[in-house]
Amino acid sequence: MTNEELLHHYYDGDETALEKLYHKNLGLIRSIAKEAAAEFNCLAVDKHHPSQFSAYTKTVLDDLCGEGAMELLTRIQSREYDESRAALSTYLYPHLKGRMTRWLEQNMGCMALSKDEMAGVRQAQRLHHAEWKNVDEIAEELNISAARANCYVRYNTHFLGVHDLVPKDYDGDPYERLMSGMLTASAEQVVYRKVCIEFLRELFDTLPKKDRDILGKACGVFGYTEATLKEIGMYHMMKESAVEKAKSRAVEKLKAAYPGSRLQVWKAVYRMMRRPIPPPEDDAAR
């Protein structure tokens, strides 16, 4: 019986179909666990039995398989799967891989990186946070792919302190540099930004669901967890280049909806309120 047939049986009330579905996909879960562990350098063989994984690796894989099983059940019970778009295993892959990757980021951290990769992560994050370079510029400077540069920048290492993110010769307040214009913002500026975001959210909500998902995840805004183009692409079964184009189109839709919107009106009113009132003609002539 196929995954899809088992899924139909489960949705029709056959509780045993869920367990059968789980066992049928154990191989998929384990293969994704190995793939995720390899990306974090967690696959190590036993010194005395080279054909077997070490006890440490087995523990990591067991934990990852547990995470994968939980995500599989979550996805099935969500009933979001659309059989007309892809096979169930194709739909499950990005969800399982994403959950396992997040677990590794939270529990493995920099311990899972080789010395050379750790140096690359440090350099990439310094270029991004201290020198304000984008992923493409970092990739070119470090001679790596943009995808790897993006992973380095986003890697959850927790090793950089605030003083690591400013130039060595900077003797001012590092927080002022890193949060330029935010720490010293007036109450008026805070309110202005808050209202702008609220009205921007109104424009964002007018976008089609897929556009909201892609733009929201790409930017990590309006309740969406930030994700890489690769992760978004896996979820929507699109190439990274196609995701980038879809994100740009979504932004263009926002720009097209801006004229006449409440956001435009608010910004125009705010600018008018900020203009100094000209003195009376008599006073000006004196």
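The structure presented is a predicted model; accordingly, all values stated were derived computationally and were not measured.
- Atom-to-atom distance recorded for L73:CG and S78:OG is 11.0 Å, nearest 0.5 angstrom.
- The side-chain contact (heavy atoms from CB on, under 4.5 Å) test with I29 is passed by exactly one of M100, E71, E67, K34: M100.
- The local environment of CG in N143 is sparse, with at most 12 non-hydrogen atoms from other residues, nucleotides or ligands closer than 6.0 Å.
- Both tests pass for K217 against the ring of Y235: distance under 6.0 Å to the centre and angle within 45° of the axis.
- Taking the side chain as every heavy atom from C-beta outward, M1 and K20 never approach each other to under 4.5 Å.
- Remark: R75 fails to qualify as a cation-pi partner of Y91 under the 6.0 Å distance and 45° angle criteria applied to the six-membered ring.
- Not a single ring-ring contact (aromatic ring centres under 6.0 Å, His included) links Y10 to another residue, sequence neighbours left out.
- Residues F222 and L200 are in side-chain contact: their nearest non-hydrogen atoms beyond the backbone lie under 4.5 Å apart.
- Other residues, nucleotides and ligands contribute more than 12 heavy atoms inside 6.0 Å of the CD atom of E198.
- When atom types are taken as modelled, the side chain of T59 and the backbone of A55 share a donor-acceptor pair closer than 3.5 angstrom.
- For the pair T74 (side chain) and M70 (backbone), a donor-acceptor distance under 3.5 Å is present.
- Although no hydrogens or angles enter the test, the distance criterion places a donor-acceptor pair under 3.5 Å between the side chain of N134 and the main chain of E137.
- Considering only residues two or more places apart in sequence or on other chains, D62 meets the side chain to side chain contact (heavy atoms under 4.5 Å, CB included) condition with none of them.
- Contact record, A33 with C65: CB-SG, 4.0 Å, taken as the closest heavy-atom pair.
- Across all their heavy atoms, K97 and I32 have their closest contact at CA-CG2, 3.8 Å.
- Here the shortest heavy-atom pairing between M234 and Y93 reads SD-CE2, 3.3 Å.
- Applying the under-4.5 Å side-chain rule to Ile, Leu, Val, Met, Phe, Trp and Tyr, the cluster around V243 extends to I214, L229, I232, M238.
- Rounding to the nearest 0.5 Å gives a distance of 11.5 Å between NE2 of H48 and CD of Q52.
- Of the options L18, N3, L6, a side-chain contact (heavy atoms from CB on, under 4.5 Å) to I76 is made by L18 and by none of the others.
- Under a 3.5 Å cut-off, the side chain of H128 and the backbone N or O of K133 do form a donor-acceptor pair.
- Here the side chain of Y258 pairs no donor or acceptor atom with the backbone of L263 at under 3.5 angstrom.
- Environment of NZ in K245: sparse, with no more than 12 heavy atoms of neighbouring residues, nucleotides or ligands closer than 6.0 Å.
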Query - Stepwise salt bridge (charged side-chain N to carboxylate O under 4.0 Å, His left out) test for K247 and E244 - result: CA-CA 5 Å; K247 183 183 76 170; E244 183 66 49; 3.4 Å; yes

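- When atom types are taken as modelled, the side chain of R212 and the backbone of L207 share a donor-acceptor pair closer than 3.5 angstrom.
- The minimum heavy-atom distance between A37 and L64, with the atom names listed, is CB-CD1, 4.0 Å.
- For R148, the CZ atom sits in a loose shell: 12 or fewer heavy atoms of surrounding residues, nucleotides or ligands are nearer than 6.0 Å.
- Between V251 and K255, some side-chain heavy-atom pair lies under the 4.5 Å cut-off.
- Note that CG of L254 and CG of L215 are 6.0 Å apart. Values are rounded to the nearest 0.5 Å.
- D213 and H236 are linked by a side-chain donor-acceptor pair at a separation below 3.5 angstrom, with hydrogens and angles left out of the test.
- Between the side chain of N150 and the backbone N or O of A146, no donor-acceptor pair lies under 3.5 Å.
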